[in-house]
Amino acid sequence: MKVTQQQSLRQTAYSRQPDTFINIARLPGPLSMQYLDSLDIVVALDSSNCFSNTDTQTLFGRATIAARLVPIGAAACAYLARWIWAGGAFPGTIDIISQSHYRAAVHGHLIRVHNRRIEADHMIQIGSLLLTSPTRTACDLACNEDERESFNESVASITSMLELYDVKPEECMDLLMKNQRWPGHAKGLEVLRMIVLVSGSQDLRKRISQFDMDPPHTHVQQEQCTGNSALPDTLTAPDDRAQQQHGARKIRRHQSSLFDSE
């Protein structure tokens, strides 16, 4: 089998990486890993392997861990990319961009393949790992419809990542408006519109208010909306349903021109 130059470089980098994972054989006993995991000293991947929580405190450390899990020739995206950029709890699946199919789990985690074409400027390389940029990662997560997170959880996690890397919500919104055929495009706009309101982006808030756009509500669970306690005051739905329908018609009529470049 012919090995491309990129694969050769990735294999060389992989061989030079330190032993990121800790096998249970290196620990005093079979219960040691569970105990260390309960103390947040290590993060267990499966019943036999874990990695140090210290390695997750830096961007390069998280990228190095992910590089051991992402197959050669694939790129990290979605929840795995967000974990690399922002940290937090390790995701339950290994989200990658690839044209191949992977049925076997990697250290107890199923590989979730996203077969799509991504422009080169939407990708960033950290060490030997290729992953989606924070802006593209935010768009992918906003459009995601697999319900691994609630609407409010998506808003909170995406907002945190964007603020961490000083990415304006307008950049994500403009990217979505240029790619209206992306799966989950409508949901993505709702999520990003909520992020704009929460983050206080004045420029885009004015452009939204010009069309009386109503707050998103279709993807918020009913129990989360009781008394509007989970939403900011600015997102309280108006009592007049006729006003809501009028705003919705304006959205459809003016959505294509909402984010025209100035």
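Within 6.0 Å of CD on Gln57 lie more than 12 heavy atoms contributed by other residues, nucleotides or ligands. The environment of Asp166 atom CG is sparse: at most 12 non-hydrogen atoms of other residues, nucleotides or ligands sit within 6.0 angstrom. The environment of Phe60 atom CZ is sparse: at most 12 non-hydrogen atoms of other residues, nucleotides or ligands sit within 6.0 angstrom.
Partners of Leu31 according to the side-chain contact (heavy atoms from CB on, under 4.5 Å) rule, which considers only residues two or more places apart in sequence or in another chain, are Gln34. Taking the salt bridge (charged side-chain N to carboxylate O under 4.0 Å, His left out) definition, one finds that Arg26 meets it with Asp19, sequence neighbours left out.
A donor-acceptor pair under 3.5 Å is absent between the side-chain atoms of Arg82 and the main chain of Met161, judged by distance alone. Distance alone, capped at 3.5 Å, is enough to place a donor-acceptor pair between the Thr56 side chain and the Asn53 backbone.
Checked by atom type, the side-chain pair Thr137/Asp140 shows no donor-acceptor distance below 3.5 Å.
Here the straight-line distance linking atom CG of Leu130 with atom CD of Gln125 works out to 5.5 Å at 0.5 Å rounding. Of the inter-residue distances, the one linking Ser154 atom OG with Asn144 atom CG reads 7.5 Å to the nearest 0.5 angstrom. Atom CG of Leu176 and atom CG of Leu189 lie 5.5 Å apart (nearest 0.5 Å). In this structure, the separation between CG on Asn152 and CE on Met194 is 6.0 Å, given to the nearest 0.5 Å. Once rounded to the nearest 0.5 Å, the distance linking CG of Leu162 with OG1 of Thr135 reads 7.0 Å. Distance CD1/Ile65 to CZ/Phe21: 6.5 Å, rounded to 0.5 Å.
Side-chain contact between Pro71 and Val106 is absent, with no heavy atoms from C-beta onward closer than 4.5 Å. Put simply, the side chain of Leu80 reaches to within 4.5 Å of the side chain of Val70, judged on heavy atoms. Between Ile22 and Cys50, some side-chain heavy-atom pair lies under the 4.5 Å cut-off. Contact of the Thr64 side chain with the Phe51 side chain is not registered, since no non-hydrogen atoms from C-beta on lie closer than 4.5 Å.
Between Ala78 and Leu141 the shortest heavy-atom distance is C-CD2, 3.7 Å. The minimum heavy-atom distance between Arg68 and Thr20, with the atom names listed, is NH1-N, 3.6 Å. When every heavy atom of His107 is checked against every heavy atom of Asn49, the shortest pair comes out as ND1-ND2, 3.5 Å. The shortest heavy-atom contact between Leu129 and Ala63 is CD2-O, 3.7 Å. Taking every heavy atom of both residues into account, Asn179 and His185 meet most closely at O-CD2, 3.4 Å.
The pair Asp174-Lys178 fails the salt-bridge criterion, with no side-chain N (NZ, NE, NH1 or NH2) lying under 4.0 Å from an Asp/Glu carboxylate O.
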With a cut-off of 3.5 Å and sequence neighbours excluded, list every side-chain donor-acceptor pair involving residues 87-98.
residue, atom, partner, partner atom, Å
Thr93, OG1, Asp95, OD2, 3.3
Thr93, OG1, Arg148, NH1, 2.6
Asp95, OD1, Arg112, NH1, 3.3
Asp95, OD1, His114, NE2, 3.0
Asp95, OD1, Arg148, NH2, 3.3
Ser98, OG, Ser100, N, 3.0

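Trp85 does not carry Arg136 over the face of its six-membered ring by the limits of under 6.0 Å from the centre and within 45° of the normal.
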